[in-house]
Chemist: 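Okay, handing you the structure first.
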Amino acid sequence: MMQGSFPELAPPSRILLGPGPSNVHPRVLHAMLTPILGYFNPDLLTIMDRVAEMLRILFQTRNDMTLAISGTGTLGMEAAMLNLLEPGDTAVIGVNGFFGERMVEIAKRSGAKIVEVPSEWGRPLDIEAVERELKGHPRVTLLGVVHAETSTGVKQPLGELSRLAREHDALFLVDAVASLGGCEVAVDEWDIDFCFSANQKCISAPPSMSPITVSDRATSVIDNRKEKVRSFYVDLALLRQYWATIQVRPYHHTAPVSSIYALYEALRMIMEEGLEERFRRHERNAAAFRSGLDALGLRLLVPEGYRLNQLHAVLIPEGVDDTRVRERLLHEHSIEIGGGIARLRGRIWRIGLMGESSNPANVLHLLAALEEILPQEGYKVPSGAGVAAASKALANAGT
Ligand SMILES: *Cc1c(COP(=O)(O)O)cnc(C)c1O
């Protein structure tokens with residue numbers, strides 16, 4: 001056998017301002033260095049109970065079934081669809097971006113009938129079209145939507161959709177992968193039946209887990225399924241026994257211990273900051289960043305009123321080379337931003353200010369870098385204007 005020798009692992013440290021992952025605080029990374037425990041160890045179970053407790057605070061819910069799935073946000077989405085749907089069901093899904101499309105793709109694999117409601121990318125969902133589909137089918141069991149559409153930067157208002165779901169007796173499913181921890185997600189108040197998220201966006205833990213919460217109504221749908229969930233790994237009837245505070249917690253799969261530690265510490269940091277202050281911080285930094293963009297003459301894809309604070313879809317100016325700018329940001333400034341995906345490829349940059357990454361220094365650094373790079377790439381900007389506008393906005397906001 002050839003053995004060879006491989007260099008020591010040395011990934012560079014970058015400022016992560018893309019659509020996720022976001023930067024992780026050293027406290028959270030450090031949590032991953034603490035000792036591994038077995039999956040029945042009482043100390044680990046206590047830590048998991050506290051994770052669930054903090055997740056209830058973050059999701060603003062009293063749902064008993066609140067836990068973290070061992071996998072990224074996509075597995076949370078899959079868990080939702082495979083547990084809530086079965087052949088014979090009909091689900092309506094709103095699609096105004098890449099992650100809505102993914103939701104449809106995953107839902108179809110449950111064997112249920114899936115009715116897609118397409119809306120323009122970069123705009124909120126067409127509520128009337130959603131209502132038409134809810135009315136147009138004999139019995140819709142689920143309405144699924146994305147709260148923070150990371151492919152476009154749209155923040156989807158949920159009030160009216162929640163009301164429609166209730167009116168048609170459909171479960172209300174919300175993808176909060178990019179919203180949880182960055183803006184309000186009020187599961188009980190908004191009557192959400194199944195909400196899933198991910199570690200690495202506004203929670204700022206390493207990618208690895210997907211926090212979920214399930215209402216009693218959805219739990220009883222899962223309890224009364226005709227057929228078994230077509231996945232063993234994310235079968236919530238089994239998983240909840242391991243996460244629940246009951247006498248016997250049967251083995252299901254080996255808990256990703258270090259990832260649970262990291263999530264624990266990231267949630268503890270969120271609790272210390274306080275939800276309201278955390279959302280205000282995202283708001284302040286986003287507002288400053290937008291004034292900076294505005295001063296540089298850069299425009300956003302999403303109209304005012306529907307913009308996320310944690311993800312900005314910036315229209316790439318005519319004639320500017322998308323890839324070159326992103327490469328220069330990475331290599332000359334150590335800043336990672338995202339490009340557009342699917343039909344928005346080459347049209348937008350996706351700039352995230354999520355969790356740990358949402359801070360004034362990052363806003364100013366990125367604007368300064370753009371001010372330097374863009375004129376060299378064929379797009380004139382008033383020198384210093386972006387940084388000045390953002391600094392002024394931050395000063396006015398008292399930071
Ligand atoms: C990132 C993201 C996902 C997918 O999550 P992964 O952790 O990459 O699997 C799903 N939905 C939205 C809205 C996202 O932003």
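Keep in mind it's a predicted model, so treat the numbers as computed, not measured. Counting convention: from 1, in listed order, for ligands and their atoms alike.
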Chemist: Heavy atom under 4.0 Å from ligand 1: found in Thr74's side chain, backbone, both, or neither?
Modeler: both
Chemist: Is it the case that more than 12 heavy atoms not belonging to Arg62 sit under 6.0 Å from its CZ atom?
Modeler: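 For Arg62, atom CZ is not crowded (no more than 12 foreign heavy atoms under 6.0 Å).
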Chemist: With only distance considered, is Val146 within less than 3.5 Å of ligand 1 through an N or O on each side?
Modeler: no
Chemist: With atoms numbered from 1 as shown, which atoms in ligand 1 lie under 4.0 angstrom from a non-hydrogen atom of Ala148?
Modeler: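 So the answer, numbered in order with elements, is 13 (C).
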Chemist: Any atoms of ligand 1 less than 4.0 Å from a non-hydrogen atom of Ala178? List them with their elements.
Modeler: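 The list of qualifying atoms is 15 (O).
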Chemist: Side chain, backbone, both or neither: which part of Asp175 has a heavy atom under 4.0 Å from ligand 1?
Modeler: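 Asp175 to ligand 1: side-chain contact only, backbone stays beyond 4.0 Å.
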Chemist: May I ask you to identify, for Lys201, whether its side chain, its backbone, both or neither come under 4.0 Å of ligand 1 on a heavy-atom basis?
Modeler: side chain
Chemist: Please report which non-hydrogen protein atom sits nearest to atom 15 (O) of ligand 1, along with the residue it belongs to and the distance in Å to one decimal place.
Modeler: Thr150 OG1, 2.3 Å
Chemist: Could you tell me, atom by atom, which parts of ligand 1 come under 4.0 Å of a heavy atom of Gly73?
Modeler: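 The list of qualifying atoms is 5 (O), 6 (P), 7 (O), 9 (O).
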Chemist: Using a 4.0 Å cutoff against the non-hydrogen atoms of Thr72, which atoms of ligand 1 qualify?
Modeler: 6 (P), 7 (O), 9 (O)
Chemist: Could you find the nearest protein heavy atom to atom 10 (C) of ligand 1 and give me its residue, atom name and distance?
Modeler: Phe99 CD2, 3.3 Å
Chemist: Taking transitive links into account, so neighbours of neighbours count too, which hydrophobic residues share a cluster with Leu238 at under 4.5 Å side-chain distance?
Modeler: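 Phe232, listed by chain and number.
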Chemist: Write down the atom of Glu116, the atom of Val95, and the distance for their closest heavy-atom approach.
Modeler: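 Looking at all heavy atoms of both residues, the shortest contact is CG-CG2, 3.5 Å.
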Chemist: Could you tell me whether Arg225 and Asp89 make a salt bridge, using a distance below 4.0 angstrom between a side-chain N and a carboxylate O?
Modeler: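 Looking at Arg225 and Asp89, the cut-off is not met.
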Chemist: Identify the heavy atoms of Ala313 and Ile348 that sit nearest to each other, and give their distance.
Modeler: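 Closest heavy-atom pair between Ala313 and Ile348: CB-CD1, 3.9 Å.
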Chemist: Inspect the contact between Glu53 and Arg50 and indicate whether a charged nitrogen and a carboxylate oxygen are less than 4.0 angstrom apart.
Modeler: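 Looking at Arg50 and Glu53, the cut-off is not met.
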Chemist: Verify the distance criterion only: is there a donor paired with an acceptor across the side chains of Arg281 and Asn309 at less than 3.5 Å?
Modeler: no
Chemist: Just to be sure I read this right, does ligand 1 sit under 4.0 Å from the backbone of Gln200, its side chain, both, or neither, counting only heavy atoms?
Modeler: side chain
Chemist: Return the minimal non-hydrogen interatomic distance between Ala390 and Leu364, and the atom names on each side.
Modeler: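 Heavy-atom minimum between the residues: CB-CD2, 3.8 Å.
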